[in-house]
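See structure below.
These values consider heavy atoms only, across backbone and side chains, with no hydrogens, waters or symmetry-generated copies.
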Amino acid sequence: MNREAFEKIQHIKDNLEHFDIYYSSLGGYRYSKDDTPCFYLNGAWMMYQEQQKKIEEVLQKLDSLQEQYWSRWKEKADMMDQGASVAYEHAYWMLKDVL
């Protein structure tokens, strides 16, 4: 998600309502008194980006574990490894669906 789309999220818009601002399609939010909304938006955007990095790390870890157990199952035909692989894959897609 880019910054413009982030600023249009309803939760973000709701938190900006108590600031003295208006939205312009020519460049986003405009502030008529001070830069407090700018600080809020920058902080929220930074936190969102950090959260997305952590989510991507979890998804990569689940994908890696699924591949690892799938490879082990193909080598040894161990049903426990197959079950673990399926469980990690299921966890991966459950997380993707939530996000």
Side-chain angles (χ1 to χ4, degrees):
M1 171 182 309
N2 64 21
R3 173 72 183 249
E4 183 180 348
F6 175 78
E7 290 182 7
K8 292 180 181 178
I9 294 173
Q10 190 61 47
H11 176 74
I12 299 298
K13 289 167 75 173
D14 290 346
N15 283 320
L16 290 171
E17 284 182 359
H18 68 277
F19 296 116
D20 189 14
I21 64 173
Y22 64 94
Y23 189 80
S24 165
S25 61
L26 300 175
Y29 288 99
R30 304 285 188 218
Y31 317 108
S32 58
K33 286 190 178 177
D34 62 27
D35 289 332
T36 303
C38 182
F39 299 143
Y40 166 76
L41 281 172
N42 288 342
W45 176 243
M46 184 179 73
M47 288 171 31
Y48 172 78
Q49 290 176 313
E50 288 298 315
Q51 174 189 10
Q52 291 306 111
K53 285 179 194 174
K54 289 177 183 177
I55 289 169
E56 285 301 318
E57 288 173 9
V58 169
L59 287 171
Q60 287 174 358
K61 181 68 174 174
L62 286 172
D63 192 42
S64 174
L65 287 167
Q66 186 271 332
E67 288 292 327
Q68 173 187 341
Y69 280 94
W70 185 255
S71 295
R72 284 174 46 182
W73 172 75
K74 289 181 81 173
E75 288 174 15
K76 300 185 305 181
D78 184 341
M79 298 305 283
M80 295 294 285
D81 290 333
Q82 182 187 26
S85 174
V86 170
Y88 283 120
E89 182 179 14
H90 186 67
Y92 175 90
W93 287 111
M94 282 177 34
L95 184 57
K96 284 288 268 191
D97 286 344
V98 168
L99 304 173

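Within 6.0 Å of CE on M80 lie no more than 12 heavy atoms contributed by other residues, nucleotides or ligands.
The list of salt bridge (Lys or Arg N to Asp or Glu O under 4.0 Å) pairs with a residue in residues 40-49, not counting sequence neighbours, is empty. Residue pairs satisfying the side chain to side chain donor-acceptor pair (under 3.5 Å) criterion with at least one member in residues 86-99, sequence neighbours excluded, are absent. Within the structure, salt bridge (Lys or Arg N to Asp or Glu O under 4.0 Å) contacts touching residues 79-88 (residues at least two apart or in different chains) are R72-D81, K76-D81.
Atom CD in E57 sits 7.5 Å away from atom CD in Q60 (nearest 0.5 Å).
For the pair I12 and A44, the tightest heavy-atom approach, listed with the atom from each and the gap, is CD1-CB, 4.2 Å.
K53 pairs by the side chain to side chain donor-acceptor pair (under 3.5 Å) definition with E50, not counting sequence neighbours. By the side-chain contact (heavy atoms from CB on, under 4.5 Å) test, Q51 is found to be paired with Y48, I55, residues two or more places apart in sequence or in another chain being considered. With sequence neighbours excluded, the residues forming a side-chain contact (heavy atoms from CB on, under 4.5 Å) with K61 are L65, listed by chain and number.
Both L95 and Y69 belong to a common hydrophobic cluster when Ile, Leu, Val, Met, Phe, Trp and Tyr are linked at side-chain heavy-atom distances under 4.5 angstrom.
For the pair V58/K54, no side-chain contact is recorded, criterion being any heavy-atom separation below 4.5 Å from C-beta on. No side-chain heavy atom of N42 sits under 4.5 Å from any side-chain heavy atom of W45.
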